K.L.:
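Can you read through this structure? Questions will come right after.
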Number of protein chains: 2
Amino acid sequence: MARRKKYKFPKTTIERLSYYFRALEDLSKRGIDTVSSEALGGKLNIKSSQIRKDLSYFGDFGKRGMGYDVKYLLKELKYILGLDREWSVVIVGAGHIGAAMANYDSFEKRGFNIAAIFDNDEKKIGKEINGTPILPYDNIDDFVKQNKIEMAIIAVPAAAAQAVADKLVESGVTAILNFAPVAVQLDENVRCLSVDLTTKLEALAYYMSYSQDKLWKIYS
Amino acid sequence: MARRKKYKFPKTTIERLSYYFRALEDLSKRGIDTVSSEALGGKLNIKSSQIRKDLSYFGDFGKRGMGYDVKYLLKELKYILGLDREWSVVIVGAGHIGAAMANYDSFEKRGFNIAAIFDNDEKKIGKEINGTPILPYDNIDDFVKQNKIEMAIIAVPAAAAQAVADKLVESGVTAILNFAPVAVQLDENVRCLSVDLTTKLEALAYYMSYSQDKLWKIYS
DNA sequence: TCACCCATGTGAAAATTTTAACATACGCCG
DNA sequence: CGGCGTATGTTAAAATTTTCACATGGGTGA
Ligand SMILES: NC(=O)c1ccc[n+]([C@@H]2O[C@H](COP(=O)([O-])OP(=O)(O)OC[C@H]3O[C@@H](n4cnc5c(N)ncnc54)[C@H](O)[C@@H]3O)[C@@H](O)[C@H]2O)c1
Ligand SMILES: NC(=O)c1ccc[n+]([C@@H]2O[C@H](COP(=O)([O-])OP(=O)(O)OC[C@H]3O[C@@H](n4cnc5c(N)ncnc54)[C@H](O)[C@@H]3O)[C@@H](O)[C@H]2O)c1
């Protein structure tokens, strides 16, 4: 809270802060100490005024005439985004998506600690993915409670998603990243974001259909 | 074009049309012939007025007092979204994400035909995933041209993404679904959507950090 | 020290998107 | 056959988000 200047800002701002964070990491790695909103925007295809406004919701991080100190802004964004701590996460569904997520080491680097993967397939239980054990789905309740898991990734078939979500929430999970193509119904104090890959492809198909005659570009 | 009534509508509308489409498929499977915007919205957590407005950009599909004929609206949405034809797609990067996408059979059912997967790892070339061959990345140009590929999924490390995108576009691809965590710079007649999983997790982390004192709910 | 450059932070305007409200039309039932 | 309940399509208002424009203040170099 401390860092928030205004109480109201676009939902999209948070997403962009994450982009800024990553771009700044990259700059930092390349030994760049300072960046202007203009330069950062160029990297990300985002207007400089948008960046300045986004940041202004949280504080005054830049120096007029100079731009932003990369390391300092990184530290601030880390704090704002809640990345200055560890998050304990479980994955439900040890299928293709679950495995991809479990294998992605950058999550650990960012502080997302994948504590376990749960599945109800006997053949998968007992194995592990990238060092993370696959446990029986029936034990998920105890595990979440005992390990104070706050976040979960749902990577089970659509038909099972709502039941899994309910169980997770009942056990204490309050944030969910959902890959199943259904709108999960949840209590309003549970944060849930969905990733819908089919929809992305279909949106591309739409744009393709109309890009041929270029009308979308003229009229959208 | 034929089906479009207005020339200007929210970008988010297309995404929602895809949700409507899927929800209607589900209703259809369950033998339901007719649905109201209210009922459909309930399923998807979307306000009924939003649904009616979205549809109204493209035509008059409902019957007053009655609602929408599920099969008819499905047919119309299929046409609008460009799903009444086959799309030829290639995947670049036979890693975890590439494999997950190649293994997801629902894409084929929707008309997205995964023609090939490309990788530059000798050990992977020659194998196949879910019946789709993994081919040498160096051949991608010829393949895309010969098979008139229009869409591509980029699932290579961030460092390689821009080069891959450039090559794809040069070969004739005009729509890209990008999983690499970089803002790919493209000619404006190329459609590109990105899926950024890290950003999703970070956004959840943000909301978690502030949901504790519930301020986000009051002030957002 | 002062003048000049530069890029921030911000308040106001513009653009976009969502929500509300209701007149309109459809079908059913009596 | 006409009135009634119902849910659409639409118009207008509200809310949200982006963009613009510039006054402001920090740094640099003469
Ligand atoms: N793979 C993709 O590219 C892709 C694309 C779009 C959407 N999705 C969605 O993502 C989700 C996961 O996809 P996937 O390809 O990884 O599926 P998958 O079939 O590879 O894996 C699903 C896993 O969930 C497990 N499971 C099923 N029911 C369960 C339950 N009740 N409790 C615990 N585990 C259970 C299965 O044993 C399996 O291991 C699905 O909802 C799918 O529709 C995937
Ligand atoms: N796995 C995840 O859950 C996850 C999460 C967030 C983001 N991502 C992003 O998605 C992308 C793919 O991730 P992944 O986990 O599948 O990676 P991965 O390492 O499993 O697979 C990458 C594949 O790309 C191939 N490759 C590398 N350079 C190439 C080139 N120039 N041409 C052709 N092929 C090349 C590699 O041989 C490998 O097979 C990455 O950009 C990653 O940052 C993945």
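Fair warning: this is a prediction, and the values are worked out from it, not measured in the lab. Within every chain, numbering begins at 1; the chains are lettered A, B, ... in the order of the sequence lines, protein sequences first and strands thereafter.
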K.L.:
By the side-chain hydrogen bond (donor to acceptor under 3.5 Å, both in side chains) test, which pairs, at least two apart or in different chains, include something from residues 151-162 of chain B?
P.N.:
Gln162(B)-Asp166(B)

K.L.:
By nearest heavy atom, map Ser48(B) and Asp54(A) onto DNA chain D; which one lands nearer the 5' end?
P.N.:
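Checking each residue's closest nucleotide, the 5'-ward one belongs to Ser48(B).
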
K.L.:
Which residues pass the side-chain hydrogen bond (donor to acceptor under 3.5 Å, both in side chains) test with Asp105(A), sequence neighbours left out?
P.N.:
Asn130(A)

K.L.:
Just the rounded figure in Å: distance from P of dA15(D) to NZ of Lys47(B).
P.N.:
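It works out to 12 Å between those atoms.
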
K.L.:
Rounded to whole Å, please give me the gap between OH in Tyr68(B) and P in dC26(C).
P.N.:
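Roughly 14 Å, once rounded to whole Å.
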
K.L.:
Can you name the side chain to side chain contact (heavy atoms under 4.5 Å, CB included) partners of Thr13(A), sequence neighbours left out?
P.N.:
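Checked Thr13(A) against side chain to side chain contact (heavy atoms under 4.5 Å, CB included); matches are Phe9(A), Pro10(A), Arg16(A), Leu17(A), Asp54(A), Tyr57(A), Phe58(A).
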
K.L.:
Tell me which residues in residues 12-23 of chain B lie within less than 4.0 Å of DNA chain C, going by non-hydrogen atoms.
P.N.:
Thr12(B), Arg16(B)

K.L.:
Just N and O in the side chain of Gln50(A): are any of them under 4.0 Å from OP1 or OP2 of dT19(D)?
P.N.:
yes

K.L.:
Does a nitrogen or oxygen in the side chain of Lys11(A) sit under 4.0 Å from OP1 or OP2 of dT16(D)?
P.N.:
no

K.L.:
Could I get the full list of salt bridge (charged side-chain N to carboxylate O under 4.0 Å, His left out) partners for Glu86(B), not counting sequence neighbours?
P.N.:
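For Glu86(B) there are no salt bridge (charged side-chain N to carboxylate O under 4.0 Å, His left out) partners, ignoring immediate neighbours.
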
K.L.:
Not counting sequence neighbours, which residues clear side-chain hydrogen bond (donor to acceptor under 3.5 Å, both in side chains) with Asn103(B)? List them please.
P.N.:
His96(A)

K.L.:
Might you work through the side chain to side chain donor-acceptor pair (under 3.5 Å) test for Thr34(A) and Asp69(A), ending with a clear yes or no?
P.N.:
CA-CA 5 Å; Thr34(A) 290; Asp69(A) 182 90; 4.8 Å; no

K.L.:
Given atom NZ of Lys53(B) and atom C1' of dA13(D), what is their separation to the nearest angstrom?
P.N.:
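My rounded result for the distance is 12 Å.
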
K.L.:
Measure from OH on Tyr57(A) to P on dT19(D) and round the result to the nearest Å.
P.N.:
12 Å

K.L.:
Sequence neighbours excluded, which residues qualify as ring pair (Phe, Tyr, Trp, His ring centres under 6.0 Å) partners of Phe118(B)?
P.N.:
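For Phe118(B) the ring pair (Phe, Tyr, Trp, His ring centres under 6.0 Å) partners, ignoring immediate neighbours, are Phe143(B).
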
K.L.:
Answer yes or no: does a side-chain N or O of Arg52(A) lie under 4.0 Å from OP1 or OP2 of dT8(C)?
P.N.:
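For Arg52(A), the contact criterion (side-chain N or O under 4.0 Å from OP1 or OP2 of dT8(C)) is met.
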
K.L.:
If we ignore hydrogens and angles and just use 3.5 Å, is the side chain of Asp187(B) paired with the main-chain N or O of Val190(B) as donor and acceptor?
P.N.:
no

K.L.:
Rounded to the nearest angstrom, tell me the gap between atom NZ in Lys8(A) and atom P in dA14(D).
P.N.:
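So the two atoms are 15 Å apart, to the nearest Å.
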
K.L.:
Go along nucleotides 23-30 of chain D 5' to 3' and tag each nucleotide: B for a protein heavy atom under 4.0 Å from its base, S when only backbone or sugar atoms are that close, - otherwise.
P.N.:
BBBBS---

K.L.:
According to the salt bridge (Lys or Arg N to Asp or Glu O under 4.0 Å) rule, which pairs have a member within residues 43-52 of chain A, sequence neighbours left out?
P.N.:
Asp26(A)-Lys43(A)

K.L.:
Centre of Tyr72(A)'s six-membered ring, under 6.0 Å away, within 45 degrees of the axis: is that where NZ or CZ of Lys63(A) sits?
P.N.:
no

K.L.:
Donor-acceptor pairs under 3.5 Å, side chain of residues 193-200 of chain B to any protein atom, not counting sequence neighbours: which ones?
P.N.:
from, atom 1, to, atom 2, distance (Å)
Ser194(B), OG, Asn178(B), ND2, 3.2
Asp196(B), OD1, Arg22(A), NH1, 3.2
Asp196(B), OD1, Arg22(A), NH2, 3.4
Asp196(B), OD1, Thr198(B), N, 3.4
Asp196(B), OD1, Thr199(B), N, 3.1
Asp196(B), OD1, Thr199(B), OG1, 3.2
Asp196(B), OD2, Arg22(A), NH1, 3.4
Asp196(B), OD2, Arg22(A), NH2, 2.1
Asp196(B), OD2, Thr199(B), OG1, 3.3
Thr199(B), OG1, Ser18(A), OG, 2.9

K.L.:
Looking at residues 31-45 of chain A, who's got a heavy atom less than 4.0 Å off DNA chain C?
P.N.:
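Result for residues 31-45 of chain A: Ser36(A), Ser37(A), sorted by number.
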
K.L.:
Which of these nucleotides, dT19(C), dT10(C), dT18(C), is closest to any side-chain atom of Pro10(B)?
P.N.:
dT18(C)

K.L.:
Provide, to the nearest angstrom, the distance between the CG atom belonging to Leu55(A) and the C1' atom belonging to dT8(C).
P.N.:
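Taking atom C1' of dT8(C) as the reference, CG of Leu55(A) is at 10 Å.
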
K.L.:
Could you state the OH-C1' distance from Tyr72(A) to dT8(C), rounded to the nearest angstrom?
P.N.:
14 Å

K.L.:
Quickly work out the Ile51(B) CD1 to dT8(D) P distance and round it to whole Å.
P.N.:
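Ile51(B) atom CD1 is separated from dT8(D) atom P by 9 Å.
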
K.L.:
Would you please name every residue forming a ring pair (Phe, Tyr, Trp, His ring centres under 6.0 Å) with Tyr104(B), sequence neighbours left out?
P.N.:
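By the ring pair (Phe, Tyr, Trp, His ring centres under 6.0 Å) rule, Tyr104(B) matches Phe107(B).
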
